[in-house]
Amino acid sequence: MAGAAAEERRLATVVESWLGRPVLVIGDAMLDEWRFAEPDRLCREAPAPVLSLRRRISAAGGAANTAVNVAALGGRAVLVAPVGADAAGDELHDCLDRAGVWDRTVNQPGRPTPVKRRMLAGNQILLREDSGDPDDALEQDGVVRLLTALECATEELRAAAGGEVPTLVVCDYGLGSLPAPVRAWLVAARDRYATVALDAHDLADWRGLAPTVVTPSFAEATRLLARAAARSDSHLHLDHPGADPADGPSELSVGSAPGRPDPAGSSTDGGPGGGATAASRLPLGRPTGPTGEPTPGEDRVAMTGDGLSVTGTGVTVNAGAGDGVDRAVLAESRLAELRAHTGADVVAVTLDTEGAVVGGADGAPRRSHSTPVPASHAVGAGDAYLAAMTLALAADAPLPTAAQLAQLAATITVSDTGTCVCRHEDLLDALGVPAGDPGHPVLVAPDELADIVAAHRDAGRSVVFTNGCFDVLHPGHVRYLEQARALGDLLLVAVNSDDSVRRLKGPDRPVNPVEDRVTLLAALSCVDHVVVFEEDSPAALIETVRPDVYVKGGDYPPEMVPEAPLVRRLGGQVRTLGYVPDRSTSAIIERIRAQATGASDTGHRSDGPGQTLTGRPA
């Protein structure tokens, strides 16, 4: 139980660390419309139900919903996208405003805003009407204005974030919002963004972008591999509807429900069909339902060697007869190829209700799982996944952590019908760390301390406060913090910022940046809250917190602690705790340097929860 609690605290610290992270989203924005109706009777003109509209809601969709999720999760989101000068465009602007997204969309007269209208009865989708033609290309003036908005939004976001390099999210769903000049600009400007996430129906268009992470669906990943194989495989052959099934593999269509026969007569539900042997193809098990939307207009190409093919009605993959290998296994086996073809550091293949498969440079696949839900509950869940994955990677979270948080964000949004949005507080609540709950540890800002401490005191808890650099966390720190926590009901740890550490310790410190230091501290079960401060002294925080007990490391009297007069004036007591011999940050760093240079490890001064001359724990 203690380990699970520590893991939840560690994940919650990552969620808190991405607050305010600047993110620019560009791509195909659309409006999602949901019409909820009740069937009253059958129509006299046809055997169809007569529906009475009871409720209508609209929501941001596509790239706009990704931006909404970034903002809801706590990032600073800016959206650049072409939007029509129409009623749907007006509604989309309202959705962005309500969500706190910086709306930098570009008005495109004569080009309608894409809309997906769903009619439901009893939470069952009866039909979906799509408007907005992807063949309506942006005019030259529209492309120029879109590039200008992109340039201005990038600089605006960077300035608002105090010079921090922004993150970029590209959402290309084939609706014409990202023509070749815009793609070329983004590729050329890649170095202006720290983290780049790409979600594209056609990944081949973006090979030069070198994204940090791509999040293709299984269908999109399959399509990319099939095209790559078609370019390189000299043994490919054209198939046609009249071909003898014995001449080719059985197929499983991606983008259609299982059980529909393919044009060659083979079964798409994993049944018999096709004469290729299991050894000549990569098997795939049956999906549980529709897995993606097909890309029309492609020539029908089949390949017998790698288990992939492209058809005029969608993408297909070869299926072995009863081999039972599922989509996750196939995706895991092709992660390295997907990374190579996309140029991405991380590939996350999403598998709908089956979760996702994620792979990075270490080559180790990571599988996450989800709970099956009705299709009407999962609209936009991929946007939540993309937003959380991007924010976590932008906050330098390890890949397993980013994958875990992304899957959690997607999973907790699918509880009801509508377009999925994951909020920051929902994610913390799912981690067992409700936002604002005084009984749970989170990374907090200095201006939040007064309210947090007041809530603790209202609950009758005593507050213990300590501060330090905590540069290289070691057993001395852990013992010190455990002893400090035993002196009260909760422990608040203030950590010197990187600039503050450099002023106190010298230009070669800290060894670890503040993000890493607070992550490790928050993972300790004895630590309840962590706050970063920029000053050399914690005096301002002490005045805000008014701790019941102020703790310092050292074997000298409390009277020698510089902060002692202030603490006592505020009604608190000062305690000093002994340190573990030879367990200090300076000792560890000196041993590492000595081993690296071959020099002997000479005497040194301890500055751990032991002591510096100023009494600050390292």
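This is a predicted model, so every value here is computed, not measured.
Rounded to the nearest 0.5 Å, atoms OH (Tyr385) and CG (Leu408) are 11.5 Å apart. Between Lys505 atom NZ and Cys469 atom SG the span is 5.0 Å, to the nearest 0.5 Å. From Asp86, atom CG reaches atom CD of Glu91 across 9.5 Å, with rounding to the nearest 0.5 Å. Between the CG atom of Leu427 and the CH2 atom of Trp18 there is a distance of 5.5 Å, given to the nearest 0.5 Å. To the nearest 0.5 Å, atom CG of residue Leu168 and atom CZ of residue Arg190 are 8.0 Å apart. For the atom pair Leu24 CG and Arg158 CZ, the distance stands at 13.0 Å (nearest 0.5 Å).
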Inset, instruction - Starting from the C-alpha separation in whole Å, work towards a yes-or-no answer on side-chain contact (heavy atoms from CB on, under 4.5 Å) for Asp352 and Phe218. - result: CA-CA 9 Å; Asp352 309 304; Phe218 182 78; 5.9 Å; no

Inset, instruction - May I have the step-by-step check of side-chain contact (heavy atoms from CB on, under 4.5 Å) for His341 and Val214, ending in yes or no? - result: CA-CA 11 Å; His341 289 308; Val214 294; over 6 Å; no

Legend entry - Step-by-step side-chain contact (heavy atoms from CB on, under 4.5 Å) determination, Ser131 to Arg117: CA-CA 8 Å; Ser131 61; Arg117 297 181 177 89; 3.3 Å; yes

Legend entry - Working for side-chain contact (heavy atoms from CB on, under 4.5 Å), residues Val349 and Arg327: CA-CA 10 Å; Val349 181; Arg327 294 186 300 164; over 6 Å; no

Only pairs under 3.5 Å count here: list side-chain donor-acceptor contacts from residues 171-183, not counting sequence neighbours, and write none if there are none.
| from | atom 1 | to | atom 2 | distance (Å) |
| --- | --- | --- | --- | --- |
| Asp172 | OD1 | Gly174 | N | 3.2 |
| Asp172 | OD2 | Trp206 | NE1 | 2.9 |
| Tyr173 | OH | Asp199 | OD2 | 3.1 |
| Ser177 | OG | Asp28 | OD1 | 2.7 |
| Arg183 | NH1 | Leu178 | O | 2.9 |

Name every donor-acceptor pair, under 3.5 Å, that has one atom in a side chain of residues 137-144 and the other anywhere in the protein, sequence neighbours excluded.
| from | atom 1 | to | atom 2 | distance (Å) |
| --- | --- | --- | --- | --- |
| Asp141 | OD2 | Arg145 | NE | 3.1 |

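Remark: the backbone N or O of Val421 is not paired with any side-chain donor or acceptor of Arg423 at under 3.5 angstrom. Checking side-chain atoms of Thr167 against main-chain N and O of Val23 turns up no donor-acceptor pair under 3.5 Å. Panel note: side chain Asn69, backbone Cys422; a donor-acceptor pair is recorded below 3.5 Å. Panel note: side chain Glu220, backbone Ser217; a donor-acceptor pair is recorded below 3.5 Å.
Side-chain contact between Arg367 and Leu351 is present, with heavy atoms from C-beta onward closer than 4.5 Å. Put simply, the side chain of Lys116 does not reach to within 4.5 Å of the side chain of Val379, judged on heavy atoms. Residues Pro82 and Arg111 are in side-chain contact: their nearest non-hydrogen atoms beyond the backbone lie under 4.5 Å apart. For the pair Leu224 and Pro216, the minimum side-chain heavy-atom distance is 4.5 Å or more. By the 4.5 Å heavy-atom criterion applied to side chains, Val68 and Asp383 are not counted as neighbours. The side-chain heavy atoms of Val532 and Val518, taken from C-beta on, include a pair separated by under 4.5 Å. The side-chain heavy atoms of Phe533 and Val495, taken from C-beta on, include no pair separated by under 4.5 Å.
Side chains of Thr401 and Arg10: a donor-acceptor N/O pair is present below 3.5 angstrom, by distance only. Tyr193 and Thr154 form a side-chain donor-acceptor contact under 3.5 Å, judged by distance and modelled atom types alone. Counting only N and O atoms by type, the side chains of Asp32 and Thr419 include a donor and acceptor under 3.5 Å apart. Between the side chains of Asp103 and Thr105, at least one donor-acceptor pair of N or O atoms lies under 3.5 Å.
Residues that satisfy the side-chain hydrogen bond (donor to acceptor under 3.5 Å, both in side chains) test with Gln407, not counting sequence neighbours, are Ser368, Thr411. Qualifying side chain to side chain contact (heavy atoms under 4.5 Å, CB included) partners for Asp498, counting only residues two or more places apart in sequence or in other chains: Arg502, Pro510, Pro513, Val514, Arg517. Judged as a salt bridge (charged side-chain N to carboxylate O under 4.0 Å, His left out), and not counting sequence neighbours, the contacts of Asp202 are Arg227.
Closest approach of Gly62 to Met30, counting heavy atoms only: N-CG, 3.7 Å. Nearest heavy-atom pair, Ala197 versus Leu386, reported as atom, atom and distance to 0.1 Å: CB-CD1, 4.0 Å. The heavy-atom pair separating Cys420 from Asn65 by the smallest distance is O-ND2, 3.2 Å. Counting all heavy atoms, side chain and backbone alike, Gly75 lies closest to Leu391 at CA-CD2, 4.2 Å. The nearest pair of heavy atoms linking Gly360 to Arg366 is N-NH1, 4.1 Å. In terms of heavy-atom proximity, Leu443 sits nearest to Val530 at CD1-O, 3.3 Å.
For residues 76-85, there are no side-chain hydrogen bond (donor to acceptor under 3.5 Å, both in side chains) pairs, not counting sequence neighbours.
Comment: Glu535 does not engage Arg503 in a salt bridge, judged by the lack of any side-chain N to carboxylate O separation of less than 4.0 angstrom.
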